[in-house]
Structures are given as structure tokens and as C-alpha cells.
*Asks:* 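Supplied in C-alpha cells, the structure appears directly below.
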Amino acid sequence: MKTLTLTAASAALVLSSACAEAQSQQDRLDARYDRALAAGYKALFLCSAIAHAEAAGTTRTPESVHEWELTGIYPALDPIVRDLEYEIVRRPTGQIAHVQVDWAEDMPDRVAAYYGDDTGCSVLPIGAPENTSEPTEGQPLTQLRTRESAVNYPTADGAAADLAAIEADAFSGSTYGDGARTTAIYILKDGQRVSEGYAPGFSENTPQRTWSVAKSIAATFVGAAVQSGEYSVDDPIAINYWRRGGQTDTRNAITIDLALRMASGRYSDTPGNRTDPLYWGGTTVDERATNWPMIAKPGTQYRYANNDTLTAVKAIDGYLQYYPAPELFEKIGMTDTVAETDIRGNYVLSSQVWTTARDLATLGQLYLNDGVLPDGERLLPEGWGEYVSRMSGPQPETGNYGYGAGWWTFKHPDRDVHEGIPDDAFLARGNRGQYLVIVPSRNVVIVRRGEDMVGTRFDIAAFTRDVLSALEE
């Protein structure tokens with residue numbers, strides 16, 4: 001019998017070969033996962049952009065969605081997404097049933113299904129069969145609601161002439177950020193419209209995804225729940241399986257306030273917490289957002305995370321069952337706004353809301369009115385705008401903006417870089433250049449919508465400063 005002796009050199013070679021094979025396998029898995037996510041991304045954006053536009057009385061074409069929403073996205077998905085073959089399937093009524101995207105020969109198409117204009121489109125789990133939401137005879141899955149027209153603010157007399165030039169600069173793609181792609185500008189002063197403009201193919205009736213502006217909408221919903229008297233921002237999140245753990249589950253120390261302030265102390269897997277499995281993979285809020293472990297004492301660490309906003313919304317789940325998002329949007333006057341859900345009906349209020357520039361301006365006006373609706377009903381607690389813009393928790397270590405409770409501020413406790421902008425100004429910020437700026441001391445609301453590509457950024461601080469300066473003249 002021969003005895004084989006493994007030398008150090010040969011052992012290293014075997015180990016190196018095994019590592020290379022493992023890395024090669026992981027590379028293949030990662031590439032396949034990226035392709036699956038890109039297909040889910042494409043299915044959802046085609047479904048949402050087209051269906052919401054049609055529900056608002058306008059149109060979007062697949063070519064437009066490819067040009068704007070599907071160009072310049074995450075680097076791992078951008079080379080893949082536009083070339084994937086797709087099909088838009090409609091019901092006999094003409095309403096979109098679903099969008100399916102081919103991504104792998106050995107797997108079913110990725111599917112995003114449209115469930116009506118109350119909840120919009122949901123991306124289905126990876127591998128869901130194409131016929132999950134086949135068109136059926138008769139009524140759509142949910143009856144379309146008949147909405148009143150969106151608020152049409154009167155045009156101010158003698159609006160500043162300089163605003164026209166500033167608006168043109170915003171659309172130029174150079175003045176406020178090289179390559180920035182502005183789709184809409186809407187500005188209110190004293191409740192009157194002083195500027196409104198749109199890129200070709202967009203209009204006052206064209207909804208776009210809010211991305212993280214939805215977090216500020218989530219904070220608004222929390223405010224409405226607090227005003228109802230049934231909730232307090234100091235309430236613990238109280239997710240059922242956290243509560244069952246009693247004192248041994250330290251997540252029970254996380255309050256609604258801490259979750260809104262991104263200060264839960266929980267881990268999140270990526271900076272900014274991209275949440276791809278929820279957004280594009282078809283998992284649910286319960287599966288993805290609520291199961292992360294604690295790594296810091298609640299209230300001591302700032303970590304921007306979709307998971308925290310989604311968890312804060314779970315805390316007011318009972319309120320949202322009685323007053324669902326469509327009813328709240330209609331109360332506010334945001335009649336072309338839809339909060340989409342996962343496949344289990346949970347609102348994805350960290351990103352997945354579709355709305356128009358006018359509707360965002362209406363949200364801003366609600367805050368200028370201290371949470372009081374035009375009919376005199378109080379929707380938000382008195383001083384809620386001051387609460388959401390107060391930097392009472394730990395703050396971002398980098399960047400030039402502070403963080404309140406679901407809203408950003410132009411102030412930062414360690415930096416003062418935004419001269420010319422009042423201290424009380426606060427804003428909602430979202431991916432690809434979504435901005436809603438509220439300046440209470442000037443009674444001004446500024447909305448900028450965009451589809452900025454990765455690597456470009458619209459300078460909202462400079463734009464805000466220029467707008468406020470022009471309004472002074």
C-alpha cells in the first residue's frame with residue numbers, strides 16, 4: 001500500500017483551488033441573484049409607472065420608463081435591466097393585470113401584479129409562475145376608486161420673474177448638478193403657486209416613485225395615529241414575537257420615536273439598508289424588516305435604515321387598518337398618491353409610494369398649516385412639524401444634513417454649511433432626486449422631482465437658497 005504525503009506546497013495548492021472554486025460558485029450565484037433582482041426591479045417599475053399614470057388620467061410608455069426610471073440605477077443592476085425581455089398583460093377591461101420579465105431559462109418570469117389604485121403593484125416572490133394574476137373576465141381585482149381632482153393652487157399675482165430663470169436652470173441638467181435630470185418643479189408661497197414646470201413626457205398628473213420621501217409620509221401617518229389618541233411616540237414598537245420574548249428581547253425597548261429617528265440600535269446589512277429582497281425580490285416587511293438583532297442600546301446610535309421606518313409603521317398597524325392610506329391621502333388632498341404594499345398587504349412606506357409634484361406640495365402645505373386640513377379638521381398633533389424636524393437623537397456622522405423623526409433638516413449640530421436657509425427649514429429626501437422642502441418662517445413649499453442617475457446629485461440646498469432669495473425680491 002502506498003502512503004501519500006501532502007506537502008505544504010501541495011496543501012496550499014489544494015486550498016487555493018478550493019477557494020477559487022468556492023469564489024467562482026459565489027460569483028455565479030451573485031450574478032444570478034442580480035439578474036433576478038433586475039427582473040423584479042423592471043417588472044415593478046413598468047407595472048407601477050404605467051398603471052399609476054393611467055389611474056391618474058395620463059399615460060406612460062414602456063420606452064419612457066426605460067429612459068427615465070430604468071436608466072442609471074444601481075451599478076450591479078444597470079447593465080442588466082434594460083435588455084431583459086418583458087410582457088405587459090392587461091385584463092379585458094384594459095387595466096394592467098401584471099408585468100412579467102424573462103430572466104432565466106430554468107425559472108418562471110418575474111411578475112409584478114397590479115391590484116387596483118388603492119394599493120398599486122406588488123412584486124411577487126422569485127419564481128412565482130407567470131399566470132399568478134392572469135386576466136379574468138369581469139371586474140378588475142379591486143374596483144377603481146373615483147377620486148376628486150387634485151388641489152389646484154391659485155397662481156400668485158406678480159410671481160418673482162427670477163423664478164422662471166431658476167426653474168429653467170433646474171431643468172438644464174448643469175446648474176444644480178452636472179447631469180441631474182429634473183422631471184418636475186412646484187413651488188408654493190403663502191398657499192399660492194409661484195412656479196410649476198415639467199420635463200417633456202411628464203405633467204401635473206404624472207406620479208413618480210417617492211423613494212425615501214415615503215419615510216416622511218410614514219412619519220405623517222404616525223402623526224395622524226398619535227392625534228387619534230390611541231398612540232404615543234413613546235410607545236414601544238410591541239411587535240408580537242418581540243413581546244413574547246419579554247425582558248430577554250431587548251428590542252422591546254425600541255419606541256416609535258427611536259425608530260423614526262433611525263436610532264433603534266439594530267443592525268442593518270448595508271449602509272443605507274437597500275432592502276433589495278423586499279423591494280425587488282418579493283419578500284415581505286415581516287420577513288425582512290423586523291428580524292434584525294440589536295447591536296447598540298436604543299437611542300445611542302444613528303443608522304439610516306429602511307428597516308426602522310418599516311418597523312415604526314408596523315407599530316401603528318391597528319390605526320392603518322381603520323384609516324388606510326387611501327383614506328388618509330384623500331383627507332390631505334393627495335388624490336394622485338398611492339402607497340404600495342408587499343404581497344401580504346403591508347405598506348412599504350420606506351420607499352414605495354407613487355405621487356405627483358402637486359400632491360407633495362399639498363403635503364408640505366399641511367405642515368405649514370400645523371397639521372390642520374382645509375376643512376378645519378386637525379389631522380396631526382399641534383407642533384408636529386417642530387417634532388419631526390427636531391434633532392433630539394444621535395445624528396449622521398457624515399453629510400451636511402441633520403435628521404429628525406422621519407424628516408431631514410438643513411442644520412447639523414456639528415456643521416453649519418447652508419447659509420441663506422432659515423433654521424426652521426426641513427425636508428424630505430429620496431433616491432434619484434426626490435425633494436420636498438418646507439420653510440415655515442417663509443411660508444414656502446418647494447418640490448423637486450427627478451430621475452437622477454447614479455453618480456449625479458441635484459443640489460437641493462443651492463436650489464432652495466436661490467428660490468428663497470428670488471421670493472424676497
Side-chain angles (χ1 to χ4, degrees), residues 48-49 52-60 64-65 68-69 120 147-156 159 163-164 166-173 176-177 180-217 220 329-330 332-339 351-368 407 426-439 443-452 458-460 463-464 466-468 471:
S48 297
H52 292 313
E54 292 176 352
T58 186
T59 58
R60 291 291 304 281
S64 170
V65 179
W68 291 96
E69 283 92 343
R147 292 188 169 120
E148 299 292 333
S149 298
V151 177
N152 188 10
Y153 294 95
T155 303
L163 281 180
I166 294 170
E167 181 185 299
D169 285 342
F171 284 102
S172 71
Y176 295 107
R181 304 194 304 172
T182 299
T183 56
I185 296 292
Y186 199 94
I187 303 171
L188 294 175
K189 167 68 173 172
D190 298 327
Q192 295 183 310
R193 183 175 65 249
V194 295
S195 182
E196 181 178 18
Y198 300 94
F202 292 81
S203 73
E204 67 273 12
N205 296 320
T206 306
Q208 291 178 257
R209 185 177 172 121
T210 61
W211 294 94
S212 288
V213 169
K215 294 178 173 67
S216 303
I217 294 173
T220 305
F329 286 138
E330 195 144 17
I332 297 169
M334 301 173 69
T335 54
D336 286 324
T337 302
V338 177
S351 176
Q352 209 161 310
V353 176
W354 285 73
T355 190
T356 62
R358 284 186 177 183
D359 276 10
L360 282 185
T362 298
L363 177 63
Q365 192 63 42
L366 173 67
Y367 276 85
L368 289 184
W407 291 77
F426 59 104
L427 71 160
R429 301 167 63 195
N431 188 31
R432 298 179 69 88
Q434 319 308 317
Y435 296 105
L436 165 60
V437 177
I438 302 170
V439 190
N443 209 18
V444 169
V445 173
I446 300 169
V447 176
R448 188 269 181 175
R449 309 301 306 275
E451 291 296 340
D452 301 336
F458 185 84
D459 190 343
I460 189 60
F463 182 68
T464 298
D466 289 349
V467 167
L468 293 177
L471 289 173

*Asks:* Taking all non-hydrogen atoms of both residues into account, name the closest pair between A428 and S216 and its distance.
*Replies:*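 Answer, listing the atom of A428 first, then S216: CB-OG, 3.2 Å.
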*Asks:* So, does T362 use its side chain to make a donor-acceptor pair with the main chain of R358 at under 3.5 Å?
*Replies:*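 Side chain of T362 to backbone of R358: a pair is present.
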*Asks:* Which heavy-atom pair separates N205 from A56 by the least distance, and what is that distance?
*Replies:*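 Looking at all heavy atoms of both residues, the closest pair is O-CB, 3.3 Å.
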*Asks:* Would you say T210's side chain and S212's backbone share a donor-acceptor pair under 3.5 angstrom?
*Replies:*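 Judged by distance alone, no pair lies under 3.5 Å.
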*Asks:* Does the pair S351 and R209 meet the rule for a side-chain hydrogen bond (donor to acceptor under 3.5 Å, both in side chains), with working shown?
*Replies:* CA-CA 8 Å; S351 176; R209 185 177 172 121; 2.9 Å; yes
*Asks:* Start with the C-alpha distance between T356 and T206, add both sets of side-chain angles, then the distance that settles side-chain contact (heavy atoms from CB on, under 4.5 Å), and finish with yes or no.
*Replies:* CA-CA 6 Å; T356 62; T206 306; 5.8 Å; no
*Asks:* Does a donor on one side chain and an acceptor on the other come within less than 3.5 Å for R449 and T183?
*Replies:*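 No.
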*Asks:* What residue among I460, D466, V467 forms side-chain contact (heavy atoms from CB on, under 4.5 Å) with T464?
*Replies:*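 One option only clears the test, and that one is I460.
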*Asks:* For the pair R448 (side chain) and Q434 (backbone), establish whether a donor and an acceptor sit closer than 3.5 Å, ignoring hydrogens and angles.
*Replies:*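 No.
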*Asks:* Answer yes or no: is there a donor N or O on one side and an acceptor on the other, between the side chain of N431 and the main chain of W211, under 3.5 Å?
*Replies:*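 Answer holds: no.
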*Asks:* Quick one: does F329's side chain get under 4.5 Å of T355's, heavy atoms only?
*Replies:*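 Side chain of F329 against side chain of T355, heavy atoms only: no contact under 4.5 Å found.
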*Asks:* Take V447 and I187 through the test side-chain contact (heavy atoms from CB on, under 4.5 Å) and record every step on the way to the result.
*Replies:* CA-CA 6 Å; V447 176; I187 303 171; over 6 Å; no
*Asks:* Would T220 and Y367 count as having a side-chain donor-acceptor pair, cut-off 3.5 Å?
*Replies:*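 Y367 and T220 do have a side-chain donor-acceptor pair below 3.5 Å.
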*Asks:* List the steps, then state whether side-chain contact (heavy atoms from CB on, under 4.5 Å) holds for L468 with V444.
*Replies:* CA-CA 8 Å; L468 293 177; V444 169; 4.1 Å; yes
*Asks:* Do you know which of R432, E451, E69, R60 makes side-chain hydrogen bond (donor to acceptor under 3.5 Å, both in side chains) with Q208?
*Replies:*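 Among R432, E451, E69, R60, the one that satisfies the side-chain hydrogen bond (donor to acceptor under 3.5 Å, both in side chains) with Q208 is E451.
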*Asks:* Contact between T155 and Q192 at the side-chain level, heavy atoms closer than 4.5 Å - yes or no?
*Replies:*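 No, too far: nothing below the 4.5 Å cut-off.
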*Asks:* Determine whether the side chains of T337 and D359 contain a donor N or O and an acceptor N or O closer than 3.5 Å.
*Replies:*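 Yes, a side-chain donor-acceptor pair sits under 3.5 Å.
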*Asks:* Please name the pair of heavy atoms, one in A357 and one in Y186, separated by the smallest distance, quoted to 0.1 Å.
*Replies:*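 Looking at all heavy atoms of both residues, the shortest contact is CB-CB, 4.1 Å.
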*Asks:* Before you tell me yes or no, could you show the steps for W407 and V213 under side-chain contact (heavy atoms from CB on, under 4.5 Å), namely the whole-Å CA-CA distance, both residues' side-chain angles and the distance that decides it to 0.1 Å?
*Replies:* CA-CA 8 Å; W407 291 77; V213 169; over 6 Å; no
*Asks:* If you compare all heavy atoms of A170 against all heavy atoms of I185, which two are closest, and at what distance to 0.1 Å?
*Replies:*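 Shortest heavy-atom separation between A170 and I185 comes out as CB-CD1, 3.9 Å.
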*Asks:* Supply the atom-to-atom distance L360 CG to L436 CG, rounded to the nearest 0.5 angstrom.
*Replies:*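 Going from CG on L360 over to CG on L436, the span is 5.5 Å.
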*Asks:* Closest heavy-atom contact between Y153 and L188?
*Replies:*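 Closest approach of Y153 to L188, heavy atoms only: CG-CD2, 3.6 Å.
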*Asks:* Search all heavy atoms of T58 against all heavy atoms of S203 and return the closest pair with its distance.
*Replies:*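 Minimum heavy-atom contact is OG1-OG, 4.4 Å.
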*Asks:* Is any side-chain heavy atom of L427 less than 4.5 Å from a side-chain heavy atom of I438?
*Replies:*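 A side-chain contact is absent here, since even the closest heavy-atom pair is not under 4.5 Å.
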*Asks:* On the 0 to 90° scale, with breaks at 30° and 60°, tag the F458-Y176 ring pair as parallel, tilted or perpendicular.
*Replies:*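 Tilted: the ring planes of F458 and Y176 meet at 30° to 60°.
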